[in-house]
S.K.: 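Quick one: the structure is below, questions incoming.
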Amino acid sequence: MKAKLNRETVVRSKLLWAVIAELLILLVGFIMRPDFLSVQLMTLADGSRVLFGTPIDILNRSAEITIIAMGMTLVIALGGTDLSVGALVAVSGAMALKFLRWDVLEYPTPGDYTVMPYFLVILVPLAVCTLMGAFNGLLISKLGMQPIIATLILMVAGRGIAQITTNGKQFTTMYTPFQQIAQGYFLKLPMPIIITAVVILGVALFTRKTSYGMFVESVGVNPNASRVSGLQSSRIILIAFMITGFLSGISGLIYSSRISSCDSNNAGINNEMNAILAVVIGGTSMSGGKFSLTGTVIGSLIIQTIVTLVYFFGVVSEAIMAFEAMIIAVVIVLQSEPVRKFFASRKRSRASATGGAVRA
Amino acid sequence: MLKAEPRRQSALTRIFNPKYIMVYATLGVFLVIYLFGALMYGDKGFTTLRTLTLMFSDNAYVGVSAVGMTMVLITGGIDLSVAAVASLTGMFVAYGVTVLGLDPWVCVLFSLAVGTALGLVMGAAIHYLNVPPFITTLTGMFMARGVCALISRESISIDNPTIDYLAGLKWYIMRLQDGEWVKLKPVAYINLSVLIFIAMIIIGTIILQKTRFGRNVYAIGGNEQSARLMGLPVARTKVLVYGFNGLCSVLSGIAYALYVKSGWNLALQGSELDVISCCVIGGVMLSGGVGYMQGMLLGVLLKATIPAIITFNGTMNSWWAKIFTGLLLLLFIIIQRVVVASSDRAKKTE
Amino acid sequence: MCLSNDVLLKMTGMEIEFPGVKALDGVDFTLRRGEIHALLGENGAGKSTLIKCLTGVHRMDAGSIVLDGQSIRLTSPQDAQRLGISTVYQEVNLCPNLTVAENIFIGRQPMRRGGIDWKTINARSSELMRRMGMDIDVTLPLSGYSIAVQQMVSIARAVDINAKVLILDEPTSSLDDNEVRRLFDVMRELKKQGMGIIFITHFLNQVFEVCDRITVLRNGHLVNEWGITDISRLDLVTSMIGKDMNEIYNLKKAEQRGDAPVVLAASGLGVPGKVESISLDVREGELVGFAGLLGSGRTETAEMLFCVQRPARGSVSMRGKPVGARIPLDSIKRRMAFCPEDRKRDGIVADLSIRENIVLAVQATRGFMKPMSMAEQQELADKYIRLLSIATPDAEKKVGELSGGNQQKVILARWMATQPDLLILDEPTRGIDVGAKAEIQRLMLDMCRQGMSIIFISSELDEIIRCSNRIIVMRDLQKAAELDGEGCDQSAILSIIADEETGREAV
Amino acid sequence: TIAFSQIGQESDWRTANTDSVKKAIEAEGWNYVYDDAQQKQENQVKALRNFISQNVDYILFTGVVSTGWDEVLKEVNEAEIPLILLDRMPDNMDDIEYAAAFGGDFVEEGRRMAIWTKNYVEKLGRSDEELNVVILEGTTGADAATGRQNGIMEILKDTPNLKVIASQTGNFTRAEGQAVMESFLKAHDKIDVLLAHNDDMALGAIESIKAAGKVPGKDIIIVGCDSPKTAFDAIIAGEMNATIECTPLYGPFVVDALKRLMAGEDLGRELIHPEESCFDAEGGIVFTLDGKLSEKAADKIGERQY
Ligand SMILES: Nc1ncnc2c1ncn2[C@@H]1O[C@H](COP(=O)(O)OP(=O)(O)OP(=O)(O)O)[C@@H](O)[C@H]1O
Ligand SMILES: Nc1ncnc2c1ncn2[C@@H]1O[C@H](COP(=O)(O)OP(=O)(O)OP(=O)(O)O)[C@@H](O)[C@H]1O
Ligand SMILES: [Mg+2]
Ligand SMILES: [Mg+2]
């Protein structure tokens with residue numbers, strides 16, 4: 001029993017530190033401006049009452065990264081990375097807007113209609129992104145390419161595909177069902193928060209209620225042994241990349257719904273780096289193996305909290321990156337193994353001192 | 001008992017050692033692509049000597065950085081901060097020279113110190129704190145970019161006779177015509193960056209192949225745990241490799257500063273991926289332990305032909321250009337894979 | 001036997017604790033100059049851990065180390081090497097991407113004119129390997145060589161370093177008799193030069209062959225230290241495992257029934273350059289042993305049967321139905337199981353728990369969409385932990401943290417859990433203590449009695465002879481002979497193997 | 001052969017710019033070589049050197065950044081290829097020869113945004129009130145962002161009733177404009193005016209303002225820059241107040257200039273600014289120092305090509 005507890009604290013402590021870091025950042029925000037943490041009910045123009053406040057914003061804005069990071073967690077647990085997610089976000093947005101505005105070619109005025117049936121507007125981009133994820137997966141599992149390079153291909157080409165889809169234009173839409181994806185509310189919460197929750201739940205159920213999660217970890221730790229034990233690593237890799245592609249697609253829909261438009265140049269820019277950062281801050285090792293979805297969610301929240309904090313206090317724009325880097329550096333150092341061990345050993349030595357007393 | 005392998009030590013077998021197969025595959029792909037370019041755009045001047053020397057001088061900054069990157073990748077690490085550090089170097093030099101009126105050499109030395117120190121710090125964090133290289137260096141990249149923007153949000157041009165002189169140093173390739181040496185037309189030349197690039201490749205090769213330090217780098221990439229158990233100085237080697245890479249980034253930044261004679265906080269954005277992909281195309285394994293400087297050089301040249309071909313084509317839409325870049329990259333890697341795979345098979349059936 | 005009493009190394013009160021296990025608890029150990037000192041104990045007794053304390057891999061919680069009269073503190077393997085402690089670790093610890101020669105010389109390469117002197121390195125390695133009895137091309141990467149060669153390379157490396165203390169942690173586990181003999185020659189030579197050697201092994205006859213002194217550990221505690229003449233073999237085993245030797249060695253072969261149906265039939269299996277055309281069949285409840293020297297192609301044959309390597313030609317069928325496997329999963333579905341030789345590379349998934357490692361293959365056949373419930377998994381894991389007496393506090397411990405022998409048992413459990421018709425075991429008893437070895441043998445025989453067929457590959461002839469109904473002798477990548485297990489003796493097999501040996505020496 | 005080295009396709013504005021020039025050249029039946037630098041200076045340098053290798057007749061050039069072109073442009077001069085600068089004027093052009101230069105005036109655009117706002121506030125009769133201004137800046141360091149910011153500040157310095165309380169980069173994109181505006185709204189209770197360095201950011205901000213329960217265009221005065229059709233729509237819908245024009249349609253006058261150059265004419269070294277206007281809901285508000293009047297967006301939307 002004692003052993004079990006001990007082990008669990010070791011496993012969890014990385015997560016624990018991530019949570020502590022997040023709380024500290026929130027605390028800093030709170031000290032500087034007490035209303036940083038305030039959430040209140042607000043009445044919208046149409047009379048509905050919704051929750052409003054910076055914490056809600058953080059959750060809302062972190063949706064895109066969190067959703068992608070869910071897939072990225074699996075990819076990283078397999079020992080890979082996916083650099084193409086940002087480009088897929090652009091592809092998905094461009095496809096959706098193309099389907100909404102099939103009729104226009106040149107600089108269009110916004111239209112509150114959809115040309116193609118609405119289910120196609122949603123399904124086709126998701127399907128295309130899933131296929132692109134499958135393309136990544138095949139290059140890696142069948143051709144044995146290194147993930148960074150394999151996904152670099154779509155990272156470069158993906159934006160080109162997105163631009164060709166809309167002929168390089170930013171279409172704008174006023175079609176309400178589409179706008180609702182990101183701008184609507186459900187249960188008094190912004191829709192992206194709900195979608196994120198559903199995605200997290202879905203991925204968690206898929207990995208933990210089936211054996212997929214264990215297979216991913218096994219292939220991530222030792223592909224040779226996994227193969228001998230009968231795992232089809234190529235299929236497992238393929239599925240992970242398809243999930244990531246699919247989730248990037250969802251993220252792209254949210255993004256373009258937020259701005260009621262598509263923006264192939266800027267959609268999803270740097271999402272790959274942020275998602276990887278979120279996963280690693282969440283305690284999943286880049287060399288593959290055990291993963292933690294909860295950790296990823298917290299990692300993603302940490303990143304978004306930092307960004308929001310920076311916006312909120314209007315730090316001179318030049319310093320944003322340096323400021324972010326500093327906070328992340330502190331988080332990472334706190335999380336690092338030796339530091340954790342240091343704290344753990346201090347705790348243990350105290351515990352063993354009392355234990356010794358009892359024995360005596 | 002194991003069957004005795006015939007011990008052939010002739011020069012031929014040493015050259016055709018299977019461990020160089022990636023290098024040869026890259027060379028082969030490069031030749032194929034170059035031939036393709038020559039057939040398609042030969043009349044537009046693709047085959048001139050100028051195009052070839054431009055591939056060197058226009059990519060020297062990538063190559064210099066790739067020297068350090070190759071070493072980092074061989075240890076099994078990665079460094080995403082290289083481009084940001086190079087850009088920071090440009091800012092230091094530009095700000096120091098143009099705004100503060102310092103001597104360019106002071107700025108260069110200062111940059112070298114800062115870049116190397118940053119590399120060492122990142123290396124230490126990676127080794128002692130066990131933070132994944134990807135994350136450590138991503139943070140380093142944010143930091144360097146942030147400092148860049150703090151120095152100036154506008155680009156600063158470098159206005160200094162020394163820099164002008166260095167940037168203007170060109171050795172034209174001449175041709176004997178009617179008993180007189182004249183510049184080739186269109187002019188082809190080699191400049192200082194190319195020399196830095198070639199010098200760094202040679203230094204890198206010597207370090208990797210001729211020093212214990214270099215062999216330790218390979219050992220760590222092969223199996224870090226084993227390297228430690230074999231009593232190799234893992235900590236020192238890893239930290240120094242990142243330090244050396246910092247140095248290379250700064251040199252790359254200097255090559256770039258000579259190239260554009262200015263500093264800009266957004267310069268070289270995303271170039272770290274260019275550098276990494278050059279190395280990987282050149283046969284360096286991201287998983288560590290495998291790679292050669294010569295391969296990396298070919299990788300740089302190969303990567304340089306993509307924009308060259310696109311520019312020579314000249315009718316391609318921006319977005320088609322992106323897709324085409326992706327396709328070419330895919331093509332390179334697939335050919336390489338096929339070559340390596342078939343040679344593996346050949347070896348097995350030997 | 002010249003036993004000097006000149007103390008070279010003294011460790012006292014060694015203590016180390018891992019999460020959940022006290023791996024060493026107040027262990028003392030003394031090594032004298034010019035002696036070979038055996039460190040014995042069952043799996044997980046703490047032998048490797050003691051060694052790793054001595055070489056600075058683990059930071060110990062308490063205890064002191066005195067080397068050559070001087071108290072030393074070790075923080076890294078580098079320190080140990082500098083102080084003259086040279087080690088061959090239990091798991092091969094070399095760099096697979098480097099050449100054999102480089103692995104031997106890395107960190108201490110001879111230099112010439114400011115650069116590494118590759119010529120000398122290659123020449124000297126070649127010479128060294130030949131002295132160890134391995135005539136191989138040292139300029140090829142290590143990864144291409146079998147685990148036995150790798151083991152020899154790491155010994156060569158350790159021996160070539162001029163050290164005061166040489167530590168050999170189960171160096172003989174993957175070597176054959178000839179190589180063991182050569183190794184012993186080298187050890188005796190070094191001993192004469194005054195080196196102190198710590199030798200860990202599970203082969204008691206080897207202990208009695210070369211060692212001067214014995215220290216036994218059990219469960220992290222020191223049991224005792226004896227001179228080699230002061231203790232009998234039987235007492236030694238009893239002190240190690242606390243059971244009577246006779247009790248555990250009371251094995252009986254499963255009886256063979258000639259009319260039993262053929263389970264596995266393979267014909268003409270081969271990969272050019274590896275193994276030429278192998279045919280064999282295995283009947284229900286039969287235990288077929290594979291004997292042969294290192295590199296005779298036994299592992300390759302097993303891997304082709306299970307389709308870890310796809311055979312270029314030939315066919316395999318199970319119970320009359322062709323397997324037609326492309327990947328190992330197909331073979332598993334045809335109720336085959338394969339316990340691979342290289343535990344670290346092909347066996348354990350180090351970061352996963354014991355439970356997950358055990359259910360892995362069963363789950364793989366079901367596919368991930370039909371998961372076993374947690375309760376089922378736990379039940380399965382607990383069952384095999386009990387059955388194979390795997391030493392662990394609970395099923396959730398990471399496999400990577402188990403001792404070598406217990407890791408082997410976990411893999412065995414993984415395959416037994418699939419309840420196969422045919423189980424292929426490639427060196428399953430390697431690195432396993434006497435008690436556990438006998439247990440595994442008994443398990444094999446029990447399984448045969450229950451109708452399972454087993455292919456058993458081992459480098460220990462007596463083990464093969466004791467258990468097998470039929471013995472296939474491999475030589476030079478070919479099936480050299482097939483012998484009936486009953487009434488077969490060591491000399492018969494040796495003469496078949498030696499046939500080639502003498503032939504080679506003549507060349 | 002006419003070679004065109006363009007920055008990239010980072011926005012609709014740029015796409016319209018490229019299309020306009022390309023179409024105009026194609027319409028003349030001239031050969032052209034086009035290169036997209038994907039926002040990277042090094043790519044542009046490579047492209048220019050490549051153009052020299054190909055020995056083209058004219059080079060059209062828009063630099064991604066203002067510095068760092070000395071060496072390569074010198075080479076262009078050495079190769080005696082006439083150079084036409086579009087959109088942006090690099091620094092240090094003293095020693096470089098070029099045939100013509102066209103470009104918008106970013107500082108002037110910034111000034112116009114501020115002047116229009118000042119006059120509009122006056123027209124609303126709120127000039128005695130202290131109004132809080134927030135600014136959404138463009139990409140840090142970009143010419144357009146720096147120029148417009150300087151222009152805005154130049155005018156606001158002398159306008160005490162308009163007080164800048166926050167200014168932050170939204171990177172010229174809708175999404176970031178939206179996110180930054182969202183936090184502006186949380187951090188500051190009273191925001192009266194939003195000046196956005198481009199219309200995309202303004203459009204993004206409008207969504208945030210709506211989500212915060214305020215009425216864009218009424219509670220907050222919104223002024224953008226560039227004048228694409230989408231901005232006109234917003235103005236007509238009453239969600240935005242004005243947009244300062246910054247035209248991308250260089251095609252016609254580039255072709256015109258090329259023809260004159262071919263005829264041997266000298267166009268001089270002066271930067272030629274295109275004629276640009278300002279559009280709002282009603283029209284008739286002064287937006288320049290010399291008193292030009294803004295136009296009514298609804299009247300002009302039909303002519304918009306981008
Ligand atoms: N890194 C580690 N973390 C946790 N526990 C460990 C670790 N290394 C060893 N142990 C535990 O310490 C104990 C002693 O292990 P050790 O490897 O020393 O055994 P051993 O005597 O060498 O056994 P074998 O003969 O099987 O090699 C075992 O219970 C093992 O599980
Ligand atoms: N690097 C290498 N180059 C060439 N042949 C090799 C190499 N490594 C192994 N081999 C060959 O592979 C063949 C089969 O080896 P394998 O490991 O199957 O033998 P084995 O009988 O199982 O011996 P072991 O006792 O090591 O398990 C041997 O002939 C060996 O020489
Ligand atoms: Mg051991
Ligand atoms: Mg074998």
Side-chain angles (χ1 to χ4, degrees), chain A residues 1-11 13 74 77-79 141 205-236 238-240 243 284-285 287-292 338 341 344-345 348-349 351-352 355, chain C residues 17-21 61 303 306-308 326-333 336-340 342-353 355-374 377 392-401 411 414-415 418:
Chain A
M1 191 57 221
K2 185 191 156 218
K4 196 161 185 171
L5 253 178
N6 227 328
R7 217 184 82 82
E8 268 171 18
T9 46
V10 170
V11 171
S13 57
L74 300 179
L78 283 166
S141 63
L205 285 182
F206 178 63
T207 51
R208 295 306 181 197
K209 286 292 154 193
T210 72
S211 305
Y212 183 71
M214 184 177 91
F215 283 13
V216 165
E217 290 173 342
S218 177
V219 173
V221 175
N222 189 342
N224 272 328
S226 305
R227 197 176 95 87
V228 173
S229 304
L231 301 193
Q232 291 169 286
S233 57
S234 57
R235 186 179 295 179
I236 290 160
L238 187 67
I239 291 173
I243 291 177
T284 304
S285 155
S287 49
K290 286 272 176 194
F291 64 88
S292 157
K341 273 208 182 120
S345 72
R348 198 172 66 184
S349 66
S352 69
Chain C
E17 188 176 343
F18 292 115
V21 221
D61 297 337
E303 286 186 348
F306 195 65
C307 205
V308 176
R326 289 172 302 111
I327 49 170
L329 180 61
D330 298 334
S331 310
I332 301 174
K333 284 191 171 149
M336 290 164 87
F338 173 58
C339 192
D342 191 338
R343 168 168 73 220
K344 200 169 159 190
R345 197 189 65 202
D346 300 326
I348 60 165
V349 184
D351 278 352
L352 294 194
S353 67
R355 168 179 57 82
E356 285 167 318
N357 267 280
I358 291 179
V359 299
L360 198 59
V362 178
Q363 189 62 63
T365 52
R366 296 169 63 144
F368 60 79
M369 289 311 287
K370 288 195 223 92
M372 299 166 77
S373 74
M374 194 43 115
Q377 293 187 21
T392 171
D394 64 89
E396 297 305 317
K397 195 177 168 81
K398 272 191 196 174
V399 164
E401 290 167 358
I411 302 170
R414 175 191 299 164
W415 292 114
T418 62

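Here is how names work: the chains are called A, B, and so on, in the same order as the sequence lines, proteins then strands, and each is numbered from 1. Every heavy atom of this structure was used, including side-chain atoms; hydrogens, water molecules and symmetry mates were not.
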S.K.: I'd like to check D351(C) versus E217(A) (side-chain heavy atoms, cut-off strictly below 4.5 Å). Are they in contact?
M.R.: no

S.K.: When only pairs under 4.5 Å are counted, which of I236(A), V219(A), V221(A) shares the most heavy-atom pairs with chain C?
M.R.: V221(A)

S.K.: Select one option (side chain, backbone, both, neither) describing which atoms of I348(C) are under 4.5 Å from chain A's heavy atoms.
M.R.: backbone

S.K.: Identify the two heavy atoms, one from L329(C) and one from G230(A), that lie closest to each other, and give their separation to 0.1 Å.
M.R.: CD1-O, 3.3 Å

S.K.: Under a 4.5 Å cutoff for heavy-atom pairs, which residue among A337(C), A350(C), P328(C) has the most contacts with chain A?
M.R.: P328(C)

S.K.: For a quick test of reading the model, state the closest non-hydrogen atom pair linking M372(C) to S211(A) and the distance between them.
M.R.: N-OG, 4.5 Å

S.K.: Would you give the length of the straight line joining atom NZ of K290(A) to atom OG of S353(C), rounded to the nearest 0.5 angstrom?
M.R.: 5.5 Å

S.K.: Please list all pairs passing the ring pair (Phe, Tyr, Trp, His ring centres under 6.0 Å) test where one or both residues lie in residues 210-235 of chain A, with sequence neighbours left out.
M.R.: F206(A)-Y212(A), Y212(A)-F368(C)

S.K.: Can you list the steps and then say if L231(A) with Q363(C) is a side chain to side chain contact (heavy atoms under 4.5 Å, CB included)?
M.R.: CA-CA 9 Å; L231(A) 301 193; Q363(C) 189 62 63; over 6 Å; no

S.K.: With a 4.5 Å heavy-atom cut-off, do E303(C) and V228(A) have their side chains touching?
M.R.: no

S.K.: Is there side-chain contact between P371(C) and K209(A), with at least one heavy-atom pair below 4.5 Å?
M.R.: no

S.K.: Under a 4.5 Å cut-off applied to non-hydrogen side-chain atoms, are R345(C) and N222(A) in contact?
M.R.: no

S.K.: Could you look at I332(C) and say if it's the side chain, the backbone, both or neither that has a heavy atom under 4.5 Å from chain A?
M.R.: side chain

S.K.: Where on K344(C) is there a heavy atom nearer than 4.5 Å to chain A: the side chain, the backbone, both, or neither?
M.R.: backbone

S.K.: Answer yes or no: is there a side-chain heavy-atom contact under 4.5 Å between D346(C) and R227(A)?
M.R.: no

